[in-house]
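Here's the structure we're looking at; comments come further down.
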Amino acid sequence: MNSAHFDLLLVDAHVATMRAGAGAYGVIRDGAIGIVGDAIAWVGRRGDLPRDVTVTKTLACDGGWITPGLVDCHTHLVYAGNRAGEYERRLEGAAYADIAREGGGIAATVRATREAGEAALAAQSRPRMAALATEGVTTVEVKSGYGLDTANELKQLRVARALGAELGVTVRTTLLAAHAVPPEFAGRADAWIDAVCADIVPAASVAGLADAVDAFCDTIGFTRDQTRRVFDAARAHGLPVKLHAEQLSDQDGAALAAEYGALSADHLEWLSPRGIDAMAASGTVAVLLPGAYYALRETRRPPVEALRERGVPMAVATDCNPGTSPTTSPLLMLNMACTLFRLTPQEALAGMTHVAARALGLADRGRLRAGMRADVAVYAIDEPAELAWRFGGNPCLGTLRAGVPHFRSAR
Ligand code: NIG
Ligand code: FE
């Protein structure tokens, strides 16, 4: 029998494997993880390591906890400018939807993003992606939607991919051209959707720059019929869909998303029982975005209890964007998901690991077991629930991304 060899061995840690059927968090105390190349080769108790194993490098985790690398499955982190002034206005009483109707909101970020060259856009967005990674994110989804013409939508997607390559983070890109009506099409939303379907979806697909297609189905976004047309265009190009659904009102968007076998329906504060049934039947993930709920001072929670009861998988993400969720802290979102939405800390961590991976159509990450991609995060905490319990501060010591160590201090 060949003796085992690991390129890297993680020791001096407890492991929250998040494996199904392995008890709370799939915990292995005094665990070890063996890595070969970019994949996990072995996970178990340190005392059960194969006797004759040889190891190129051993990495001690200071008695902390190892979790699957975090997956932030819903962000708009590539944008230019900021919206602090709009925040001040909202504090004085202006509504998010009113600001949008006056040509501020998303349109303001579109102006700034169009003006930025690719290098400038990357320079402004890089610290946001880096901040996510510093808290343990190893995979991040990034949407377009602030370009709103072919060249600028593709520019956003290219910058997202380039930042992922530069920082060593997996980036999944989502085309969100149906985010708002650009000024050139003011009052002609249907004509804009024609352009999205005829020009932008095909261009993104041909360029290989989109992994999925999303739309904003709401009173200040697009109607159900317009959303359906975008989904048909995505389907024609073989691209999976996602949807900003039921954020500010009930448009029955989640059921439409489910009809198209969507990977996820996101936000969902106004989700109806009908929408829940449709999501349960199609296996569509519910992506909960407590940062946007908090920042807009919403009072209507997504129907978490009903989603749980019906077995709809719940993911948690930052929704990092300048309008409704200007955060780069996935760990704060775990806390908010529990405190504001009443998830359990274990549900919240599942929601930012394997459930989030599922919302991106990725089956090779989000749980720690042999054969999975070697994406892990290491935290200086005493128990897994601590990740959701605290807010502020960052206990992440570092990550492995495809087996490559990125640690804050040398080890
Ligand atoms: O996820 N709802 C629409 N899109 C974003 C907000 C975008 C913005 O305000 O810039 C969201 O909340
Ligand atoms: Fe969003």
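Sequential numbering from 1 along the given sequence is applied to the chain's residues. All values derive from a computational prediction rather than experimental measurement.
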Can you check side-chain contact (heavy atoms from CB on, under 4.5 Å) on Ile33 and Leu9, steps first, answer last?
CA-CA 6 Å; Ile33 300 182; Leu9 179 68; over 6 Å; no
Please report the shortest heavy-atom distance between [X] and [Y], naming the atom on each side.
X	Y	result
Ala189	Val181	CB-CG2, 3.8 Å
Thr324	Leu296	CG2-CD1, 3.9 Å
Leu70	Leu349	CD2-CD1, 4.0 Å
Ala262	Thr284	O-OG1, 2.9 Å
Met129	Ala160	CE-O, 3.9 Å
Met279	Ala254	SD-CB, 3.9 Å

May I ask you to decide whether Glu269 forms a salt bridge with Arg301, counting only side-chain N to carboxylate O separations under 4.0 Å?
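Salt bridge: no.
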Does the distance from a Lys or Arg side-chain N to an Asp or Glu carboxylate O, for Arg342 and Glu305, drop under 4.0 Å?
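So Arg342 does not pair with Glu305 through a salt bridge.
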Any side-chain donor-acceptor pair under 3.5 Å between [X] and [Y]?
X	Y	value
Asp214	Thr174	no
Arg365	Thr170	yes
Gln156	Thr113	no
Arg114	Tyr146	no
Ser144	His179	no
Arg83	Thr109	yes
Ser325	Thr327	no
His406	Thr399	no
Asp232	Tyr260	yes
Asp218	Ser249	yes

With rounding to the nearest 0.5 angstrom, report the [atom1] to [atom2] distance, [X] to [Y].
X	Y	atom1	atom2	result
Asp225	Leu256	CG	CG	9.0 Å
Trp192	Leu148	CH2	CG	5.0 Å
Leu121	Arg158	CG	CZ	10.5 Å
Leu154	Leu175	CG	CG	7.5 Å

Under 30°, 30 to 60°, or over 60°: which ring-plane class applies to Trp42 and Phe6, parallel, tilted or perpendicular?
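Tilted: the ring planes of Trp42 and Phe6 meet at 30° to 60°.
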Do the ring planes of Phe341 and Tyr293 sit parallel (below 30°), tilted (30 to 60°) or perpendicular (above 60°)?
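Judged by the thresholds at 30° and 60°, the geometry between Phe341 and Tyr293 is perpendicular.
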Look at the side chain of [X] and the backbone N and O of [Y], then say whether any donor-acceptor pair between them is shorter than 3.5 Å.
X	Y	value
Ser264	Val285	no
Arg46	Asp30	no
Gln226	Thr223	yes
Asp7	Gly37	yes
His76	Lys143	no
Glu246	Asp252	yes
Glu347	Thr344	yes
Arg229	Arg224	no
Arg90	Ala295	yes
Glu153	Ile200	no

Side-chain contact test, heavy atoms from C-beta onward, threshold under 4.5 Å: evaluate it for [X] versus [Y] and give yes or no.
X	Y	value
Val355	Val71	no
Cys396	Thr134	no
Leu157	Val78	no
Thr173	Arg161	yes
Met18	Thr67	no
Arg390	Pro395	yes
Phe222	Ile193	yes
Lys242	Val213	no

If you count the non-hydrogen atoms of other residues, nucleotides and ligands that lie under 6.0 Å from CZ in Arg274, is the total more than 12?
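It does not: Arg274 CZ has 12 such atoms or fewer within range.
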So is Arg297 actually on top of Tyr96's ring, under 6.0 Å and inside 45° of the axis?
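Not flagged: Arg297 not positioned over aromatic ring of Tyr96.
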Partner of Thr318 by side-chain hydrogen bond (donor to acceptor under 3.5 Å, both in side chains), out of Thr75, Thr328, Asp72
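Output: one option passes, namely Asp72.
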What do the steps show when you test Glu135 against Ser329 for side chain to side chain donor-acceptor pair (under 3.5 Å), and what is the final call?
CA-CA 7 Å; Glu135 288 194 11; Ser329 176; 3.0 Å; yes
Asp319 and His74: CA distance, side-chain angles, deciding distance, side chain to side chain donor-acceptor pair (under 3.5 Å) verdict
CA-CA 5 Å; Asp319 197 13; His74 181 141; 2.9 Å; yes
Audit row: Tyr79, Val110, side-chain contact (heavy atoms from CB on, under 4.5 Å) steps and yes/no:
CA-CA 8 Å; Tyr79 63 83; Val110 170; over 6 Å; no
